[in-house]
Amino acid sequence: MNGEPSLVRVSALNTTTPLKRQRSNRSTRSTTSSARRRQNEDGCVVCLRGTLHCYNVFILIVGCASLGIGIWLLVTDFGARKVTPIVDNQMYEVTTYLLIAGGGAVALLAFCGCCGTIREDKCVLSFYGTTLAIVLIVLGAACGIAFFFRNALAAKIQDRMRDTLTWHYGLNVHSNSENRRITDAWDAMQRQLKCCGVVGDVNTLESWGYYFTKTEWYDKSKKKKERQRVPESCCAPGDINMCIGLSDFAGPPRFLQGHSEDMKKKNPYLYTDGCYESLIEYLRTYSAVVGAVAAVVPVFLAFGIVISFCLCARVTGYAHDDEVDL
């Protein structure tokens, strides 16, 4: 009876020792395999890793730039949100939001790419490459929308401008949210583009003369003793009263197409050209900017997708070798 415990302890020791040796051998083989993997890395893997590191830094800058351009186009005085009520088309605003989303995603993915490259984690690298592909599709859609919007600008914009200016501008802006949006959009456009009214030059009723000949805004002010003929957003910095027609001046906006040359003086503080031509040029320029950014960024994204999946394939191969060694 006294000898049995000793036999049990000896048997346990004999069982434990092979397990420890097995674990030690596995650890040694794993370490040896990792070291061998590092030693046997070919120049292609080293080049891929270094290229992806540099690419991630570059794409971080590109993503931040795209994000900044998108935010600027959205929050500027006459930005994407102000364009929509005038042209009655949301494509410009949607394209701007897609640019912001794509730029932010690219900047975030650059960080994930750095982590995946350092750790050589095939899951992270696969996620990185797949998400880059999704962002590429989003920015490609933004590019297509931007250029389509650029070519479809002129259709019905003049009619929409006349309608908003006649029936919505300046009416019940405190209680009517749509009229307030339209009024703010017109004011922002006229300040930004230095124009007044719909279309034409100083001698037409469609430019600055549109306000006091065809708008409800002017008709509603008939009860006032002194009525301004144009809004202050049509004015250049300087004498506001001369610009809006509250002070004596032998020219616009107090006189339109006067019969004598004395009544055709040029008002230095009034924008006398209509907004249509300037608006079309403005939208074409900025849709071209959005389209160019949305077209260039996917080119770099395609390069990153190829590198990430190539490196992922190499990492997968090494992982398979480690499993065989174990």
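- Between the CG atom in Leu74 and the NZ atom in Lys82 there is a gap of 10.5 Å [rounded to 0.5 Å].
- A continuous path of hydrophobic side-chain contacts links Phe249 to Tyr269 [ILVMFWY only; heavy atoms under 4.5 Å].
- In this structure, SG on Cys64 lies 10.5 Å from CD1 on Ile59, to the nearest 0.5 angstrom.
- Side-chain contact between Leu67 and Val106: absent, with no pair of heavy atoms (C-beta onward) separated by less than 4.5 Å.
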Considering only distance and modelled atom types, tabulate donor-acceptor pairs under 3.5 Å from the side chains of residues 133-146, sequence neighbours left out.
none

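- Thr96 approaches Ala80 most closely through the heavy-atom pair OG1-CB, 3.6 Å.
- Pairing each heavy atom of Arg229 with each of Pro253, the nearest pair is CD-O, 2.9 Å.
- Here the NZ-CG distance, from Lys214 to Leu205, works out to 6.0 Å after rounding to the nearest 0.5 Å.
- Linking Ile, Leu, Val, Met, Phe, Trp and Tyr residues whenever their side-chain heavy atoms come within less than 4.5 Å places Phe300 and Phe303 in a single cluster.
- Using a 4.5 Å cut-off on side-chain heavy atoms (C-beta onward), Thr215 and Tyr169 make no contact.
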*Report the C-alpha distance between Phe78 and Ile86 in whole Å, list the side-chain angles of each, state the deciding distance to 0.1 Å, and finish with yes or no for side-chain contact (heavy atoms from CB on, under 4.5 Å).*
CA-CA 11 Å; Phe78 184 52; Ile86 296 178; 4.0 Å; yes
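- Criterion: ILVMFWY side-chain heavy atoms under 4.5 Å apart, direct or through other members. Under it, Val306 and Val296 are not part of a common hydrophobic cluster.
- Summarising the geometry of Val87 relative to Arg160, their closest heavy-atom pair is C-CG, 4.0 Å, with the distance given to 0.1 Å.
- Around atom OH of Tyr282, more than 12 heavy atoms belonging to other residues, nucleotides or ligands sit under 6.0 Å away.
- Leu108 and Leu98 end up in different hydrophobic clusters when Ile, Leu, Val, Met, Phe, Trp and Tyr side chains are linked at under 4.5 Å.
- A heavy-atom distance below 4.5 Å is not found between the side chains of His168 and Trp186.
- Between the side chain of Thr166 and the backbone N or O of Asp163 there is no donor-acceptor pair closer than 3.5 Å.
- The CD1 atom of Ile69 sits 11.0 Å away from the CD1 atom of Ile71 when rounded to the nearest 0.5 Å.
- Arg227 forms a cation-pi arrangement with Tyr218, by the criterion of a distance under 6.0 Å to the ring centre and an angle within 45° of the ring axis.
- In this structure, the side chains of Arg162 and Val199 come closer than 4.5 Å at one or more pairs of heavy atoms.
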*Test side-chain contact (heavy atoms from CB on, under 4.5 Å) applied to Thr183 and Leu171, step by step*: CA-CA 8 Å; Thr183 302; Leu171 300 178; over 6 Å; no
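- There is a path of hydrophobic side-chain contacts, each under 4.5 Å, that joins Leu279 to Val289.
- The closest side-chain heavy-atom distance from Trp167 to Ile182 is not below 4.5 Å.
- Put simply, the residue from Thr131, Leu132, Val62, Leu109 that forms a side-chain contact (heavy atoms from CB on, under 4.5 Å) with Leu301 is Leu132.
- Counting heavy atoms from C-beta on, the side chains of Cys196 and Val230 come closer than 4.5 Å.
- Here the closest heavy-atom approach between residue Val202 and residue Pro252 is recorded as CG2-CG, 4.1 Å.
- Considering CD1 of Ile157 and SG of Cys275, their distance stands at 12.5 Å, rounded to 0.5 Å.
- Between Val297 and Val293, the closest side-chain pair of non-hydrogen atoms falls below 4.5 Å.
- Looking at Thr84 and Tyr92, their side chains never come closer than 4.5 Å, going by heavy atoms from C-beta outward.
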_Ser207 vs Tyr271, side-chain hydrogen bond (donor to acceptor under 3.5 Å, both in side chains): CA-CA, chis, key distance, verdict_ = CA-CA 9 Å; Ser207 56; Tyr271 301 136; over 6 Å; no
*Apply side-chain contact (heavy atoms from CB on, under 4.5 Å) to the pair Arg81 and Arg181, showing each step before the final yes or no.*
CA-CA 9 Å; Arg81 286 181 294 188; Arg181 288 179 65 239; over 6 Å; no
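- Asp77 contributes atom CG, which lies 11.5 Å from atom CE of Met189 (distance to the nearest 0.5 angstrom).
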Can you give the donor-acceptor pairs under 3.5 Å from side chains of residues 231-245 to other protein atoms, not counting sequence neighbours?
| unit_1 | atom_1 | unit_2 | atom_2 | d |
| --- | --- | --- | --- | --- |
| Ser233 | OG | Asp187 | OD1 | 2.8 |
| Ser233 | OG | Gln190 | NE2 | 2.7 |
| Asp239 | OD1 | Asn241 | N | 3.2 |
| Asp239 | OD1 | Met242 | N | 3.1 |

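- Here Arg254 pairs with Asp248 in a salt bridge; the nearest charged N to carboxylate O distance falls below 4.0 Å.
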